[in-house]
Enquirer: 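Take this structure, written in structure tokens, and hold onto it; I'll ask about it next.
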2 protein chains.
Amino acid sequence: MPSGKLRLGDLQLKILRVLWSSGECGVTDVHQVIGPAKYAYTTVATMLRKMEARKLVAHRVEGRRFVYYPLVREGAVTRSAAAEFVDRIFRGSLTAAVCQLLDSRDVSREELEALERLIAERKEADPPARPQGS
Amino acid sequence: MPSGKLRLGDLQLKILRVLWSSGECGVTDVHQVIGPAKYAYTTVATMLRKMEARKLVAHRVEGRRFVYYPLVREGAVTRSAAAEFVDRIFRGSLTAAVCQLLDSRDVSREELEALERLIAERKEADPPARPQGS
DNA sequence: TTTCTTTATCTACCGTGGTAATACTACCAC
DNA sequence: GTGGTAGTATTACCACGGTAGATAAAGAAA
């Protein structure tokens, strides 16, 4: 199953975010961005190596440094996480998922309207039963 | 701390679902429902004991059987999962989350319309300027 | 009573995320 | 050279989900 294991931990996500926004960077850079106070340098380095073993990132050598870059795209991760979320927690029911999303936090009127627009877009973009040509 | 550790694994979710729909039941019952072919009896039993240690379930003794019942409600689990999903993957952006949800699978027109209704409801239920809270 | 079956307990293992100290190594400055 | 420094490699540990075999104990059946 290729659509399988894209389940990431918190630290892994943080690291990937740095790589996504920087394109690539060294261990020290990553460490600086995610917070030297929160994590030891070696923690980040170890995690990066583990992530490389899992083919989430790769590195090239630049002088003495390892310059890491992501092998997975942000879209792939978020898409996979979204699909897994719906399947795992709501057994595939998207409406149940969104319903819970709305219940789980305060949603501003602006957000609600943005969501409305989002859905309206989808309705236009994907007319399922449309005998007449566009 | 309501925002505490309510992160559940796949098997734990399956087990909880059985307990939620049955109210309570013995280890054998759970095992039967989630699939004797997929899991060993002891796997379920062990997991139930681990979950009891984490206060997700509890049991009472009935003859020689352990009758387990849930200590967490389905709503609490799904709510917590939803909140964590948005925070973890989309750093709190609900619109980004819903957007990805819509992209991550085929959404029927019926579902889209159900979502529209869902949002319309929320808009009515939460008027923009209202100093009084419930 | 002896055996079979049900049921729970104990123990142990694996993978993985997370955490980090420690050790090695190569370079730079002196 | 020697010593600090920046960087990687090694090693180890914990927690937890998942998995299950082996074992024990309590009834039920023979």
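Chain letters run A, B, ... following the sequence lines, proteins first, then strands; residues in each count from 1.
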Enquirer: What's the angle between the local helix axes at either end of the helix from C:dT1-D:dA30 to C:dC30-D:dG1, using five pairs per end and rounding to 10 degrees?
Expert: 30°

Enquirer: When rounded to the nearest 0.5 angstrom, what is the spacing between CD1 in B:I15 and CG in B:L8?
Expert: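 It comes to 10.5 Å.
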
Enquirer: Just distance, no hydrogens or angles: give the donor-acceptor pairs under 3.5 Å from side chains in residues 39-53 of chain B, sequence neighbours left out.
Expert:
residue	atom	partner	partner atom	Å
B:Y39	OH	B:K14	NZ	2.8
B:T46	OG1	B:T42	O	2.7
B:E52	OE1	B:H59	ND1	2.9
B:E52	OE2	B:H59	N	3.0
B:E52	OE2	B:H59	ND1	2.8

Enquirer: For DNA chain C, determine which residues of residues 13-26 of chain A have any heavy atom closer than 4.0 angstrom to one of its atoms, and list them numerically.
Expert: none

Enquirer: For B:V57 and B:Y69, what are the C-alpha separation, side-chain angles and deciding distance, and is it a side chain to side chain contact (heavy atoms under 4.5 Å, CB included)?
Expert: CA-CA 6 Å; B:V57 303; B:Y69 52 91; over 6 Å; no

Enquirer: With side chains defined as the heavy atoms from C-beta onward, is the minimum distance between A:V30 and A:Y68 less than 4.5 Å?
Expert: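 The answer is no, as the side chains (C-beta and beyond) never meet within the 4.5 Å cut-off.
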
Enquirer: Any side-chain hydrogen bond (donor to acceptor under 3.5 Å, both in side chains) pairs touching residues 96-105 of chain B, not counting sequence neighbours?
Expert: A:T78-B:Q100, A:D87-B:R105, A:R122-B:D103

Enquirer: Indicate for each nucleotide in nucleotides 23-30 of chain D, in 5' to 3' sequence, whether protein heavy atoms under 4.0 Å reach the base (B), only the sugar-phosphate (S), or nothing (-).
Expert: ---BS---

Enquirer: Please determine whether side chain to side chain contact (heavy atoms under 4.5 Å, CB included) holds for the pair B:E116 and A:E116, giving the CA-CA distance in whole Å, both sets of side-chain angles, and the decisive distance to 0.1 Å.
Expert: CA-CA 7 Å; B:E116 266 180 346; A:E116 265 180 347; 5.6 Å; no

Enquirer: For A:L6 and A:A76, which heavy atoms make the closest approach, and how far apart are they?
Expert: CD2-O, 4.2 Å

Enquirer: Give, for atom CD of B:E111 and atom NZ of A:K123, the distance between the pair rounded to the nearest 0.5 Å.
Expert: 13.0 Å

Enquirer: Would you check, one step at a time, whether the test salt bridge (Lys or Arg N to Asp or Glu O under 4.0 Å) holds for A:E113 with A:R109?
Expert: CA-CA 6 Å; A:E113 276 158 9; A:R109 195 167 195 83; 3.8 Å; yes

Enquirer: For A:R49, report the nucleic acid contact type (base, sugar-phosphate, nothing); a contact means any heavy atom under 4.0 Å.
Expert: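 Answer is base: heavy atoms of A:R49 come under 4.0 Å of a base.
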
Enquirer: Under a 4.5 Å cut-off applied to non-hydrogen side-chain atoms, are B:V98 and A:L102 in contact?
Expert: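 With C-beta onward as the side chain, the pair stays apart.
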
Enquirer: Under 4.5 Å between any side-chain heavy atoms of A:I89 and B:L13, yes or no?
Expert: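 Yes, their side chains come closer than 4.5 Å.
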
Enquirer: Can you check side chain to side chain contact (heavy atoms under 4.5 Å, CB included) on B:I119 and A:V107, steps first, answer last?
Expert: CA-CA 10 Å; B:I119 290 164; A:V107 187; over 6 Å; no

Enquirer: Which pairs count as ring-ring contact (aromatic ring centres under 6.0 Å, His included) when at least one residue sits in residues 79-112 of chain A, sequence neighbours excluded?
Expert: A:F85-A:F90, A:F85-B:F85

Enquirer: CD1 of B:I34 to CG of B:D10: how many Å apart, nearest 0.5 Å?
Expert: 11.5 Å

Enquirer: How long is the line joining CD of B:Q12 and P of D:dG17, in whole Å?
Expert: 5 Å

Enquirer: If we only count heavy atoms from C-beta on, is the B:L101 to A:L101 side-chain gap below 4.5 Å?
Expert: yes

Enquirer: Can you give the first and last nucleotides of DNA chain C, 5' to 3', that have an atom under 4.0 Å from a heavy atom of chain A?
Expert: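 Counting from the 5' end, contacts occupy C:dG17 to C:dC27.
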
Enquirer: Taking only N/O atoms, report every protein-nucleotides 12-15 of chain D pair under 3.5 Å with atom names and distance.
Expert:
none

Enquirer: State which residues pass salt bridge (charged side-chain N to carboxylate O under 4.0 Å, His left out) with B:R65; sequence neighbours excluded, sorted by chain then number.
Expert: B:D29, B:E62

Enquirer: B:K55 NZ to D:dC16 C1': how many Å, rounded?
Expert: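 Taking atom C1' of D:dC16 as the reference, NZ of B:K55 is at 18 Å.
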
Enquirer: Would you please name every residue forming a salt bridge (charged side-chain N to carboxylate O under 4.0 Å, His left out) with B:R64, sequence neighbours left out?
Expert: none

Enquirer: Would you kindly give the CG-to-P distance between B:L48 and D:dG17, to the nearest whole Å?
Expert: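 The answer, rounded to whole Å, is 13 Å.
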
Enquirer: Where along residues 28-42 of chain B does a heavy atom fall under 4.0 Å from DNA chain C?
Expert: B:T28, B:Y41, B:T42

Enquirer: Would you mind writing out the side-chain donor-acceptor pairs for residues 16-25 of chain B within the sub-3.5 Å range, not counting sequence neighbours?
Expert:
residue	atom	partner	partner atom	Å
B:R17	NH2	A:R88	O	2.5
B:W20	NE1	B:V72	O	2.9
B:S21	OG	B:R17	O	3.2
B:S21	OG	B:V18	O	3.2
B:S22	OG	B:V18	O	3.0
B:E24	OE1	B:R60	NH2	3.2
B:E24	OE2	B:R60	NH2	2.2

Enquirer: For A:E52 and D:dA9, give me the distance from atom CD to atom C1', rounded to whole Å.
Expert: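 Interatomic distance, CD of A:E52 to C1' of D:dA9: 13 Å.
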
